[in-house]
Colleague: 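For reference, the structure I am asking about is given below.
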Number of protein chains: 2
Amino acid sequence: MARNVEFNEAEAIQKAMRVFWEKGYHGASLRDLTTAMQINSSSLYNTIGDKEELFVRCVQHYTDLRKQDWQLRLASERPALEVLVEYIQCAVDIIIAEENSCLAIKAAFEMATSDERVRAILKADSEYGEAFLRELLRKAVAQGAIQTEESPELLADYFNSTWKGWHESYILHKDPIRIKKMAQYFIKQIGK
Amino acid sequence: MARNVEFNEAEAIQKAMRVFWEKGYHGASLRDLTTAMQINSSSLYNTIGDKEELFVRCVQHYTDLRKQDWQLRLASERPALEVLVEYIQCAVDIIIAEENSCLAIKAAFEMATSDERVRAILKADSEYGEAFLRELLRKAVAQGAIQTEESPELLADYFNSTWKGWHESYILHKDPIRIKKMAQYFIKQIGK
DNA sequence: CCTTTTCTGAAACGTTTGATTCAGAATAAA
DNA sequence: TTTATTCTGAATCAAACGTTTCAGAAAAGG
């Protein structure tokens, strides 16, 4: 009966995500966003909604991408410890390569204290990340690659929060070797 | 020959710091700030400067307070390991008690990527924090309380970035027990 | 006291903000 | 093709933004 939406919503969210990622929620203006998304603000308000709704969708999109990555890694049939070590090395590479750090952490510190929806998304993301680690640890123990008296729950929780600090370190020191050494020490610790 | 400044600059900075701490740089408006500081914007611009300058001063003030705390703890004559453990427990208490998390971390993620002055202040703060830990570790080893094959440099760096992640965890999960358990595990690790 | 310099408070600056309006183009269904 | 509906783009909204202005109050030095 009528006209269809002209722009690709998924692509637009992707582009908006990059803007929020770089500038933060308050630092990104609607003009920044609509320019990057290549749509008019009326189209934005007719389809997605206001700035907060757009931000929520972007954060959700970001965590969706991570979830996909975790699922792929979990599906691997290689030894769990190998998968875990590779994941850590990959995380380090991202910390070093990504100029704008991590959207999830930035959003947590800027928005999760005041926006309950953002907090819920990031909490779910964090819990999924821990479940991913827990599962790998459980497997690695079963495969005899790791022996520990600590519970996989505690270790997963601990590991997950450990490399968050690496992001901040890299912002301040911009020193890849620093991060790599910490990761090296971290991996060495797991083996014990 | 003339009138003196009416307001106490140190007190005003302290009040502005609390606003930035809660709302972030972009989230805090000049009206928020001048209202909290109980001064007129003309006074602000005549004495301190613009918003960025005020923010820099607030972050500097925040890191100055931390530095004082570290110096006091370093001056203690009690066993170094004891001082270290107490410091960690104190850090945990702050994470749990402080509703607005940590200004230094928030500023790092929001501003340090785009504002070189903020980055420099936070980098110096981070380095001082590491030196504090390094010194405690060095003493603890000398006192025979710790034995490790790792360098104090690496360990200090690693420790320092470890509890940054705890802040994010607490924002998302608001779970004091989670943090306490991680701290417990962390302290246990040091002893080994 | 008077003079000189400085600080304060209220008002306003131009700009940018997030958000809305609406005429007209576009298109799916009848 | 017509009709009914929806989307788009440009213009615009009021509010809030960071910042500046300036008259007048304040006070230290002579």
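Each chain gets a letter, A, B and so on, in the order its sequence line appears, and its residues count up from 1. The structure displayed is predicted, hence computed values, not measured ones.
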Colleague: Look at the side-chain N and O atoms of B:Tyr45 and state whether any lies under 4.0 Å from the OP1 or OP2 oxygen of D:dT20.
Modeller: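 Looking at the OP1 and OP2 atoms of D:dT20, neither is under 4.0 Å from any side-chain N or O of B:Tyr45.
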Colleague: With distance as the sole criterion, is a donor-acceptor pair present between the side chains of B:Tyr45 and B:Glu53 under 3.5 Å?
Modeller: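 There is no such pair (donor and acceptor under 3.5 Å, judged by atom type) between the side chains of B:Tyr45 and B:Glu53.
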Colleague: Rounded to whole angstrom units, what separation is found between the CG atom of B:Asp50 and the C1' atom of C:dT15?
Modeller: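 Result: 16 Å.
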Colleague: State the CD-CZ distance between B:Glu168 and B:Phe109, to the nearest 0.5 angstrom.
Modeller: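 Answer rounded to 0.5 Å: 7.5 Å.
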Colleague: B:Asn4 or B:Glu52: which one's nearest nucleotide on DNA chain D is closer to the 5' end?
Modeller: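 Its nearest nucleotide being more 5', the pick is B:Glu52.
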Colleague: Within this structure, what is the CD-to-C1' distance between A:Glu53 and C:dA19, rounded to whole angstrom?
Modeller: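 Interatomic distance, CD of A:Glu53 to C1' of C:dA19: 15 Å.
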Colleague: Could you note down all residue pairs passing side-chain hydrogen bond (donor to acceptor under 3.5 Å, both in side chains) where residues 99-108 of chain A supplies at least one of them, sequence neighbours left out?
Modeller: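 Listed by first then second residue: A:Ser101-A:His167.
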Colleague: A:Glu98: what forms a salt bridge (Lys or Arg N to Asp or Glu O under 4.0 Å) with it, not counting sequence neighbours?
Modeller: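 Scan of A:Glu98 (salt bridge (Lys or Arg N to Asp or Glu O under 4.0 Å), adjacent residues dropped) gives A:Arg18.
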Colleague: Fit a plane to each ring of B:Trp166 and B:Phe186, take the angle between them on a 0 to 90° scale, and name the class: parallel (under 30°), tilted (30 to 60°) or perpendicular (over 60°).
Modeller: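 Perpendicular, since the angle between the ring planes exceeds 60°.
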Colleague: Whether the B:Asp32 and B:Ser29 side chains hold a donor-acceptor pair (N or O, under 3.5 Å, no angle test) is what I'd like checked.
Modeller: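 Looking only at side-chain atoms, B:Ser29 and B:Asp32 do form a donor-acceptor pair, the distance falling under 3.5 Å.
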Colleague: Regarding B:Glu110 and A:Tyr25, is there a side-chain donor-to-acceptor distance under 3.5 Å anywhere?
Modeller: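 There is no such pair (donor and acceptor under 3.5 Å, judged by atom type) between the side chains of B:Glu110 and A:Tyr25.
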Colleague: Identify, residue by residue, the members of residues 36-44 of chain A with a heavy atom below 4.0 Å from DNA chain C, and return them in order of residue number, or none.
Modeller: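 Correct list: A:Ser41, A:Ser42.
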Colleague: Do B:Gln143 side-chain atoms and B:Pro79 backbone N/O form a donor-acceptor pair below 3.5 Å?
Modeller: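 A pair under 3.5 Å: no.
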Colleague: Going by an N to O cut-off under 4.0 Å, is there a salt bridge joining A:Asp115 and A:Arg119?
Modeller: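 Salt bridge flag = no for A:Arg119 with A:Asp115.
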Colleague: Can you tell me the distance, in whole Å, between the CZ atom of B:Phe7 and the P atom of D:dA26?
Modeller: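 Nearest whole value for this atom pair: 17 Å.
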Colleague: Could you state the CZ-C1' distance from A:Phe55 to C:dG18, rounded to the nearest angstrom?
Modeller: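 So the two atoms are 16 Å apart, to the nearest Å.
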Colleague: Of the residues in residues 20-34 of chain A, which ones touch DNA chain C at a heavy-atom distance under 4.0 Å?
Modeller: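 Contacts with DNA chain C under 4.0 Å: A:Ala28, A:Ser29, A:Leu30, A:Arg31.
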Colleague: Which residue pairs pass the salt bridge (Lys or Arg N to Asp or Glu O under 4.0 Å) test when at least one of the two sits in residues 121-132 of chain A, sequence neighbours left out?
Modeller: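 Applying salt bridge (Lys or Arg N to Asp or Glu O under 4.0 Å) to every pair that reaches into residues 121-132 of chain A, excluding sequence neighbours, yields A:Arg66-A:Asp125, A:Glu130-B:Arg178.
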Colleague: Counting only non-hydrogen atoms, which of residues 112-119 of chain A are less than 4.0 Å from DNA chain C?
Modeller: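 Result for residues 112-119 of chain A: none.
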Colleague: Please report the distance, rounded to the nearest Å, between CG in B:Asn46 and P in D:dC22.
Modeller: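 After rounding, the gap between these two atoms is 13 Å.
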Colleague: Can you tell me how far the CD1 atom of B:Ile190 sits from the CG atom of B:Leu84, to the nearest 0.5 Å?
Modeller: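 Answer rounded to 0.5 Å: 4.5 Å.
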